[in-house]
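Heads up: the structure comes next, in C-alpha cells.
Residue numbers run from 1 in the order of the sequence given.
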Amino acid sequence: MRKADVVVGVQWGDEGKGKIVDMLAANYDMVCRSQGGHNAGHTIWVDGIRYALHLMPSGILHSGTINVIGNGVVVNPEVLIAEMAQFDDVKGRLFISDKAHLNLPHHSEIDKAKERLKGEKAIGTTGKGIGPTYSDKVSRTGHRISELAEPERLCEAIMIDFENNKAVYEALGISTPNEKQLLADLKRYKEVLAPFITNTTNLVWKALDEGKKVLLEGAQGTLLDIDHGTYPYVTSSNTITAGACTGLGVNQKEIGDVIGIIKAYSTRVGYGPFPTEDMSSDGDRLCDVGKEFGTTTGRRRRCGWFDAVSVKYASRLDGVDRFALMKLDVLDGFESVKICKAYQYKGETIDYVPTDLENVTPIYEELSGWDKVAGISRYDDLPQNAKKYIERIEELTGIKVALISTSPERSDTIIR
C-alpha cells in the first residue's frame, strides 16, 4: 500500500499551492481536496493562460489525473458547476464526496450580515458563507451533497430550517427563499452533479491499496487553522496536515511526504495579527510586483517580510518534510531583504509563537538583495545573495527548500 503525500500552506494562505500541485499532479494518479470551500483560490498559469480554481482540485488540468473533492469540503453547487464548465468533459476525472456539506445562498447572506453587525470588530471573512456552513455542520443541522438525490425532500428540509430559524433570519435581514425556485435549483444541481457524487473515502482507500500515487491538497494556510491559527481571525476548518486526514478519511499512518508551501515574503488577507507586515513603500512594492490581490475576493493582501518564527511553528504542526519556496522573483531588485528570526514579547526575546501574537515585535536580520532570479530554472544559476537567502531560511526553520519558483509559469521551477 502506498502513502498519500500532502501539499499544505505554511503561512496565512495564498502561498502558491496551486502551481505546485499542478506541477506535481503530472506524477500522481489522484489529487484530493480535503477542506475549505470556494473561499479558497488557487491560481495556475500554463502557457500564459490563467486558471482560477476555487473548488476543483488543482490536478484538473492533467487529463490523466483523478480529482476528488473530499468530505471535509463545503460545496457551493452553483460555483462548482460554473467552474466545471471551464473544462472539457470531466466525467471519470472528478468525484465529489457524498458526505461533503452543501454551501447554499443563505449561508453567504448570514456571513455578510454577521460581519456587518460586528462593525470594526469584523473578522474579515470572504463572505462566501463558509463559516455558517461549517456551523450548521457542527450543530448537526447542515445538509450533505448526498441529499441532492431527493430534491423534494431536501427542499422541504431547507424550508423547515428557515421556519425554525425565522426570528434569527428576520433579525439578520435574510428572506425566506421561494420554495418553487429553490426546488428548481436543487433539481438542476442533481442533474449536473449526480454523476460525480460517490463515496470518496472508499475511492481513496482503493487507490492507495492498489499502489496508486495520491496527493492531498489543502486550502488556505496553517496560520488560519481554526484551532492552531490566529483565532478568531482564522478560517472555519483545520488547515493543517491532520485536517487532510479527517477531510478525506485517510488515517495518519497513510500520510507520506509533506510538502510545505511558503512564499519568499509574507502576506495576509483580512484582519488579524501580522507581525512582519510592512506599512512602508516596501510593502506596497511587494503587493504591486507580486500582484497580491485575492483570487477569490480581489482584496488587496497585506504584505511584509518572511517570518521564520511562524513558519517554523507551522511546519512542526504540519510535519513538513521539505519546502517549496514561491515568488522568489518578487524580491528581485531589493537592495536588502529582511527575515524575522525572533520576536520581542513582554520584554523577552522568544523564538516561538505565543497565543497572543498581537503584541509581539519582530526581530529582523537584514540580508543583501540581488538583481534578478525571474525565469531561472537551475539552482546554480541563482545569484549568490539569493542562495544565501534560501540557505538562511533553511537554517532558521531546519527544513530544506527543495523547490523554488521563479515565475508564475509551471516551467519556471527549480528542483533541488
* To do: Determine whether more than 12 heavy atoms belonging to other residues, nucleotides or ligands lie under 6.0 Å from atom NZ of Lys400.
  => yes

* To do: Using ring pair (Phe, Tyr, Trp, His ring centres under 6.0 Å) as the criterion, point out the one residue from Tyr265, Phe274, Phe334 that pairs with Trp305.
  => Phe334

Under 3.5 Å, sequence neighbours excluded: what are the donor-acceptor pairs made by side chains of residues 23-30?
from, atom 1, to, atom 2, distance (Å)
Tyr28, OH, Asp5, OD2, 2.5
Asp29, OD2, Lys213, N, 2.7

* Can a salt bridge be assigned to the pair Arg2 and Glu254 using a cut-off of 4.0 Å between side-chain N and carboxylate O? -> no

* Structure fact -> Across all chains, not counting sequence neighbours, the side-chain hydrogen bond (donor to acceptor under 3.5 Å, both in side chains) partners of Thr230 are Arg268

* To the nearest 0.5 Å, what is the distance between OG1 (Thr361) and NZ (Lys346)? -> 13.0 Å

* Just by modelled atom types, is the Lys99 backbone N or O under 3.5 Å from a matching donor or acceptor in the Ser97 side chain? -> yes

* Working for side chain to side chain donor-acceptor pair (under 3.5 Å), residues Thr133 and Lys137 -> CA-CA 6 Å; Thr133 307; Lys137 176 179 178 177; over 6 Å; no

* **Leu186 CG to His143 NE2 distance, which is reported to the nearest 0.5 Å** => 9.5 Å

* Asked: Is a donor on one side and an acceptor on the other found under 3.5 Å between the side chain of Asn71 and the backbone of Thr246?
  -> yes

* Asked: For Lys114, does the NZ atom sit with more than 12 other heavy atoms under 6.0 Å from it, leaving out its own atoms?
  -> no

* State which residue, out of Thr235, Ile240, Val269, fulfils the side chain to side chain contact (heavy atoms under 4.5 Å, CB included) condition with Leu224. => Thr235

* Audit row: His107, Asp136, side chain to side chain donor-acceptor pair (under 3.5 Å) steps and yes/no -> CA-CA 9 Å; His107 290 121; Asp136 282 357; 2.9 Å; yes

Distance-only criterion, 3.5 Å: show the donor-acceptor pairs between side-chain atoms of residues 307-330 and protein atoms not counting sequence neighbours.
from, atom 1, to, atom 2, distance (Å)
Asp307, OD1, Val309, N, 3.1
Asp307, OD1, Ser310, N, 3.2
Asp307, OD1, Tyr343, OH, 3.2
Asp307, OD2, Ser310, OG, 3.3
Asp307, OD2, Tyr343, OH, 2.6
Ser310, OG, Asp307, O, 3.3
Tyr313, OH, His228, O, 2.8
Ser315, OG, Val311, O, 2.7
Asp318, OD1, Thr222, OG1, 3.4
Asp318, OD1, Thr241, N, 3.0
Asp318, OD2, Thr222, OG1, 2.5
Asp321, OD2, Val258, N, 2.8
Arg322, NE, Asp257, OD2, 2.6
Arg322, NH2, Asp257, OD2, 2.9
Lys327, NZ, Gly290, O, 2.6
Lys327, NZ, Glu292, OE2, 2.9

* Begin from the C-alpha positions of Val204 and Cys32 and carry the test side chain to side chain contact (heavy atoms under 4.5 Å, CB included) through to its verdict. => CA-CA 9 Å; Val204 175; Cys32 308; 4.0 Å; yes

* For the pair Thr276 (side chain) and Gly304 (backbone), establish whether a donor and an acceptor sit closer than 3.5 Å, ignoring hydrogens and angles. => no

* Asked: Can you check whether Ile376's main-chain N or O pairs, donor with acceptor, with Thr406's side chain at less than 3.5 Å?
  -> yes

* **Results of ring-ring contact (aromatic ring centres under 6.0 Å, His included) for Trp370 - residues two or more places apart only** => Tyr389

* **Gap between atom NZ of Lys112 and atom OG of Ser108 - 0.5 Å precision** => 4.0 Å

* Asked: From Phe196 CZ over to Lys91 NZ, what is the distance, rounded to the nearest 0.5 angstrom?
  -> 6.0 Å

* **Pair Tyr233 + Trp12: ring centers closer than 6.0 Å** => no

* Residues, nucleotides or ligands: over 12 heavy atoms within 6.0 Å of Arg416 CZ -> yes

* To do: Take atom CD of Glu191 as the centre, draw a 6.0 Å sphere, and report whether it contains more than 12 heavy atoms from other residues, nucleotides or ligands.
  => no

* **Electrostatic pair Arg33-Glu217, nearest N-O below 4.0 angstrom** => no

* Start with the C-alpha gap between Ile262 and Gln11, add the side-chain angles, then the distance that decides, and say whether side chain to side chain contact (heavy atoms under 4.5 Å, CB included) holds. => CA-CA 6 Å; Ile262 54 175; Gln11 293 159 308; 4.0 Å; yes

* Determine whether more than 12 heavy atoms belonging to other residues, nucleotides or ligands lie under 6.0 Å from atom CD of Glu365. => yes

* To do: Sequence neighbours left out, what passes ring-ring contact (aromatic ring centres under 6.0 Å, His included) with His106? Give chain and number order.
  => Phe162

* To do: Quick one: do Gln220 and Asn39 satisfy side chain to side chain donor-acceptor pair (under 3.5 Å)? Show the steps, please.
  => CA-CA 8 Å; Gln220 290 87 42; Asn39 56 335; 3.2 Å; yes

* Any donor-acceptor pair under 3.5 Å linking the side chain of Asn67 with the backbone of Thr65? -> yes

* Asked: Do Lys128 and Asp111 sit within salt-bridge range, that is, some charged N less than 4.0 Å from a carboxylate O?
  -> no

* Structure fact -> In short, Ser336 meets Glu366 closest at the heavy-atom pair OG-OE2, 2.6 Å

* About how many Å separate CD1 of Ile259 and NZ of Lys17, when rounded to the nearest 0.5 Å? -> 13.0 Å

* Asked: So Asn385 and Leu367, side chain to side chain contact (heavy atoms under 4.5 Å, CB included) or not? Walk me through it.
  -> CA-CA 8 Å; Asn385 286 343; Leu367 291 80; over 6 Å; no

* Asked: Okay, side chain of Thr198, backbone of Thr200: is any donor-acceptor separation there less than 3.5 Å?
  -> no

* Heavy atoms from other residues, nucleotides or ligands near CD of Glu210 exceed 12 (cutoff 6.0 Å) -> yes

* **NZ/NE/NH1/NH2 to OD/OE distance under 4.0 Å, Arg392 and Glu395** => yes

* Asked: side chain to side chain contact (heavy atoms under 4.5 Å, CB included) between Ile255 and Lys3: does it pass, once the steps are laid out?
  -> CA-CA 5 Å; Ile255 296 297; Lys3 293 187 176 184; over 6 Å; no

* **Beyond-backbone contact of Leu102 with Pro77, side-chain heavy atoms, under 4.5 angstrom** => yes

Donor-acceptor contacts, no H, no angles, side chain residues 78-87, under 3.5 Å, sequence neighbours left out:
from, atom 1, to, atom 2, distance (Å)
Glu78, OE1, Arg188, NH1, 3.3
Glu78, OE2, Arg188, NH2, 2.6
Glu78, OE2, Tyr189, OH, 3.2
Glu83, OE1, His54, N, 3.2
Glu83, OE1, Leu55, N, 3.3
Glu83, OE2, His54, N, 3.0
Glu83, OE2, Leu55, N, 3.2
Glu83, OE2, Met56, N, 2.9
Gln86, NE2, Glu83, O, 3.4

* Asked: How far apart are the C-alpha atoms of Asn199 and Asp98, what are their side-chain angles, what is the distance that settles it, and do they pass the side chain to side chain donor-acceptor pair (under 3.5 Å) test?
  -> CA-CA 6 Å; Asn199 184 326; Asp98 53 6; 5.0 Å; no

